Amino acid sequence: MRTDYCGELRADDIGREVSVCGWVDRRREHGEHLAFIDLRDRTGVVQCVVDERHDLRSEYVARVTGTVRARPDGTANPTLATGEVEVGDCQVEVLSAAEPPPFPLHSRTEVDENVRLRYRYVDLRGERLQRNLSLRAAVNSAIRRSMEAQRFTEVETPMLVASTPEGARDFVVPSRLHPGRFYALPQSPQIFKQLCMVGGIDRYYQIARCLRDEDLRADRQFEFMQLDAEASFAGQHDVMAFITEAVFAAVEATTGNRPADPITMSWTDAMERYGTDKPDVRFGLELVELTGLFEGTEAKVFQVECVKGINCKGGGGSLGRNAVDELTRKCRQWGAKGLAWFRVGGNGALDGALTKFMSDAEQAALGPAMGAEPGDLLLLVADRRQTVRDVLGLLRLELGRPPVTEGGLHFVWVTDFPLFESIDDQGRPISAHHPFTMPHPEDVGLLDGAGEELLAVRSQAYDMVLNGWELGSGSVRIHRPDIQRAVFRALGIGDDEAEERFGFLLDAFRYGAPPHAGFAFGIDRLVAILAGEENIREVIAFPKTQSGADPLSNSPTPISDRHLDELGLHVLPPPAAG
RNA sequence: GGUCCCGUGGUGCAGUUUGGAGUGCACGCCGGCCUGUCAAGCCGGAGGUCGCGGGUUCAAAUCCCGUCGGGACCGCCA
């Protein structure tokens with residue numbers, strides 16, 4: 001049916017008789033007979049010169065047979081890859097007529113996403129999604145090649161698994177053969193890949209679909225793809241090297257360049273300097289520690305556990321009172337009591353509502369501590385340390401985060417995460433990762449502590465961050481029963497509970513578990529950044545909206561009573577409004 | 001669970017602040033003219049429940065309340 005792709009015809013092809021197939025991208029008619037038809041397929045467009053009358057309209061599907069020829073002098077189109085040639089003496093065969101598209105396919109107008117999703121099959125024809133999906137395919141392919149070159153074996157793990165109470169909310173699937181019982185769709189292949197290690201697979205990988213029933217965001221869908229990997233007889237640095245190699249192979253395959261080596265930063269450093277565990281190091285505006293400067297201060301707002309600030313360079317002039325009020329409002333929404341701000345005057349003196357509560361020494365020290373120059377705006381938050389970090393971390397992004405397409409690719413490995421993220425009401429620690437994460441070897445002794453002391457225990461867990469996006473995380477897993485017992489004891493998990501929740505994994509470890517470590521990273525996010533998209537929906541063929549619906553297929557839908565009966569399910573009426 | 005933004009012919013917008021006839025722009029669509037265009041050009045035309053419901057008013061796209069849909073974010077995502 002077809003001899004060539006539209007977008008691949010070149011001067012070399014002049015004189016050849018070709019058949020091309022595709023969609024009518026655009027037509028330009030001149031009188032009753034002559035028309036220029038731009039025929040489009042996934043490779044691009046080629047101009048076809050049609051001399052007979054044809055009813056060819058936008059998005060008609062056609063097969064055109066003709067002779068490739070040079071365009072007449074002065075009519076070549078240098079903006080087009082096929083611009084030196086055209087297909088002449090065309091015979092046209094309409095393969096499908098088409099209604100006018102529900103929205104323009106070219107990228108000059110940003111069409112409402114709901115409309116694009118309802119007609120996703122039309123949207124997919126556009127240059128943007130064609131480019132993004134082929135980039136995605138190239139990333140997947142490069143990752144597979146890289147993992148295989150590093151002697152990882154691809155293993156497929158089940159989609160219907162046992163529900164576990166930890167972590168994200170599960171999607172559940174009712175069992176027909178076991179009424180009243182449910183499978184869960186996997187949040188990740190975590191348990192299975194560790195079982196693979198016990199099973200001697202040695203190095204496992206999978207480009208795995210993972211599902212979590214949590215609220216959607218620009219960087220989160222219900223279902224997403226991860227490069228999931230685990231290696232036996234390997235530690236943190238081995239795994240970081242494997243993953244860096246796979247990610248860099250994907251970047252190189254799609255951009256042609258190998259990125260700069262990742263920097264490594266401890267979790268504590270990331271939190272103190274960037275206010276987040278996923279630092280975007282493309283820009284400055286780092287958090288400055290000011291707690292010591294305000295020690296013994298008279299100013300009540302600064303008599304707190306922690307004071308930190310951001311120097312918004314030049315913000316004294318560029319940000320007016322309304323803008324600063326808006327920032328204050330946001331800081332309150334993020335959990336701060338307020339935002340203290342000072343404009344730096346021409347002589348370096350500070351101007352702000354709080355100066356009257358501060359000593360001369362404090363006023364004199366604040367500017368130099370923050371590297372202030374005339375015209376800067378100093379933004380301070382005082383509160384519990386965790387609140388200060390969180391709020392200033394968000395404020396920093398608000399003030400300076402560049403668009404995804406700017407600033408290059410800055411990879412960061414964040415290491416030495418705490419083993420426990422916080423202490424609950426009963427004084428028990430809450431796992432930061434999962435309870436099989438190996439503590440830092442220097443901190444194993446601290447596991448016998450209690451309460452707040454446990455928060456000092458570091459773990460051998462590590463995240464890969466790219467331009468402020470958390471690409472993924474991994475850890476060294478506990479394979480020694482004594483350490484596992486100590487962690488469970490710290491978490492307040494008794495033997496019976498451990499058996500009930502994680503029994504089959506613990507059983508497996510009794511039969512010869514190699515030391516192992518692993519990682520998983522989100523392919524959607526990596527592809528989005530490489531594609532210059534702020535939103536992973538732009539790199540997913542059929543994504544869901546923020547409310548978890550698919551405007552194309554109308555999922556989720558009700559199911560029939562007969563179907564429910566078969567599953568032994570009864571649907572309650574929705575809770576009454578009000 | 002919460003905060004904020006958006007909803008006007010097929011598409012993108014203006015109009016909403018300060019209520020006064022569905023007013024306007026660009027693209028697309030339909031018809032006509034046009035033999036070297038390429039975002040073709042020129043002429044003409046069609047196309048509207050201003051998301052939906054209620055309220056205020058002589059009068060609502062515009063003000064108020066509610067609701068639905070979309071988006072960004074907080075919570076949530078071990």
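Here the structure is a predicted model, which means the values were calculated and not measured. Below, read A as the first sequence line, B as the second, and so on, with proteins coming before strands; counting in each chain starts at 1.
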Base paired to [N] (Watson-Crick or G-U; both N/O distances under 3.5 angstrom):
N: G36(B); value: none
N: G9(B); value: none
N: C30(B); value: G44(B)
N: C76(B); value: none
N: G19(B); value: none
N: C63(B); value: G55(B)

Tell me which nucleotide among [options] gets nearest to the side chain of [X].
X: Asn535(A); options: G70(B), G71(B), U11(B); answer: G71(B)
X: Arg26(A); options: A72(B), U11(B), A39(B); answer: A39(B)
X: Leu34(A); options: G1(B), G71(B), U35(B); answer: U35(B)
X: Arg71(A); options: C29(B), C77(B), G36(B); answer: G36(B)
X: Asp215(A); options: G1(B), G36(B), A72(B); answer: G1(B)
X: Glu214(A); options: C77(B), C38(B), C29(B); answer: C77(B)

Quick one: do [X] and [Y] make a salt bridge, cutoff under 4.0 Å?
X: Glu406(A); Y: Arg401(A); answer: no
X: Glu533(A); Y: Arg525(A); answer: no
X: Lys193(A); Y: Glu230(A); answer: yes

Describe the nucleic acid contact of [X] in one word from base, sugar-phosphate, nothing, applying a heavy-atom distance below 4.0 Å.
X: Leu394(A); answer: sugar-phosphate
X: Arg401(A); answer: nothing
X: Glu29(A); answer: base
X: Glu113(A); answer: sugar-phosphate
X: Ala35(A); answer: nothing
X: Asp112(A); answer: sugar-phosphate
X: Ser547(A); answer: sugar-phosphate

Are Thr157(A) and Pro186(A) side-chain neighbours, meaning at least one heavy-atom pair lies under 4.5 Å?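 No, side chains not in contact.
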
State, with a plain yes or no, whether a side-chain heavy atom of Thr67(A) is found less than 4.5 Å away from one of Val18(A).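 Not touching, per the 4.5 Å side-chain cut-off.
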
Taking only the [atom1] atom of each, what is the distance from [N] to [M] in whole angstrom?
N: C6(B); M: G12(B); atom1: P; answer: 16 Å
N: A60(B); M: G55(B); atom1: C1'; answer: 11 Å
N: G24(B); M: C64(B); atom1: P; answer: 27 Å
N: U57(B); M: U62(B); atom1: P; answer: 16 Å
N: C13(B); M: G31(B); atom1: C1'; answer: 27 Å
N: A61(B); M: G53(B); atom1: C1'; answer: 16 Å
N: G19(B); M: U56(B); atom1: C1'; answer: 11 Å
N: G9(B); M: G15(B); atom1: C1'; answer: 15 Å

With nearest nucleotide decided by heavy atoms, which residue, Arg169(A) or Glu86(A), maps closer to the 5′ end of RNA chain B?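 The 5'-side residue here is Glu86(A).
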
Comparing Gly74(A) and Ala549(A) on RNA chain B - which has the more 5′ nearest nucleotide: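 Per heavy-atom nearest nucleotide, the more 5' residue is Gly74(A).
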
Could you tell me whether the side chain of [X] has a donor or acceptor atom within less than 3.5 Å of a complementary atom in the base of [N]?
X: Arg220(A); N: C77(B); value: yes
X: Asn77(A); N: C38(B); value: yes
X: Arg108(A); N: A39(B); value: yes

Would you please confirm or rule out a distance under 4.0 Å between OP1 or OP2 of [N] and any side-chain N or O of [X]?
X: Arg217(A); N: G75(B); result: no
X: Arg28(A); N: U37(B); result: no
X: Thr75(A); N: U37(B); result: no

Quick one: does NZ or CZ of Arg396(A) land under 6.0 Å from the six-membered ring centre of Phe283(A), within 45 degrees of the ring axis?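 Judged by the rule, Arg396(A) and Phe283(A) form a cation-pi pair.
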
For RNA chain B, find the residues of residues 39-68 of chain A with a heavy-atom distance under 4.0 Å and give them by number; none if there aren't any.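 Nucleic-acid contacts, sorted: Gln47(A), Arg57(A), Ser58(A).
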
In terms of the angle between their ring planes, are Phe521(A) and Phe519(A) parallel, tilted or perpendicular, with boundaries placed at 30° and 60°?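 Phe521(A) vs Phe519(A) ring planes: tilted.
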
Would you please test Leu211(A) and Met159(A) for side-chain contact (heavy atoms from CB on, under 4.5 Å) and show each step? CA-CA 9 Å; Leu211(A) 298 103; Met159(A) 289 298 285; 3.6 Å; yes

Ring centres of Phe502(A) and Phe436(A) under 6.0 Å apart?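 When the ring centroids of Phe502(A) and Phe436(A) are compared, they turn out to be within the sub-6.0 Å range.
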
Looking at Phe417(A) versus Tyr462(A), is the centre-to-centre ring distance below 6.0 Å?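 Centroid distance Phe417(A)-Tyr462(A): not below 6.0 Å, so no.
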
Mind listing the closest non-hydrogen atom pair of Ala528(A) and Val539(A) along with its distance?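 That would be CA-CG1, 3.8 Å.
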
Backbone N/O of Leu39(A) and side chain of Asp25(A): donor-acceptor pair under 3.5 Å: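 No, the answer is negative, given that no donor and acceptor are paired below the 3.5 Å cut-off.
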
Check for a donor-acceptor pair, side chain of Asp38(A) on one end and backbone N or O of Arg26(A) on the other, with a separation under 3.5 Å.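 No.
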
Detail all sub-3.5 Å separations between protein N/O atoms and N/O atoms belonging to nucleotides 3-10 of chain B.
{"unit_1": "G10(B)", "atom_1": "O2'", "unit_2": "Pro102(A)", "atom_2": "O", "d": "2.5"}

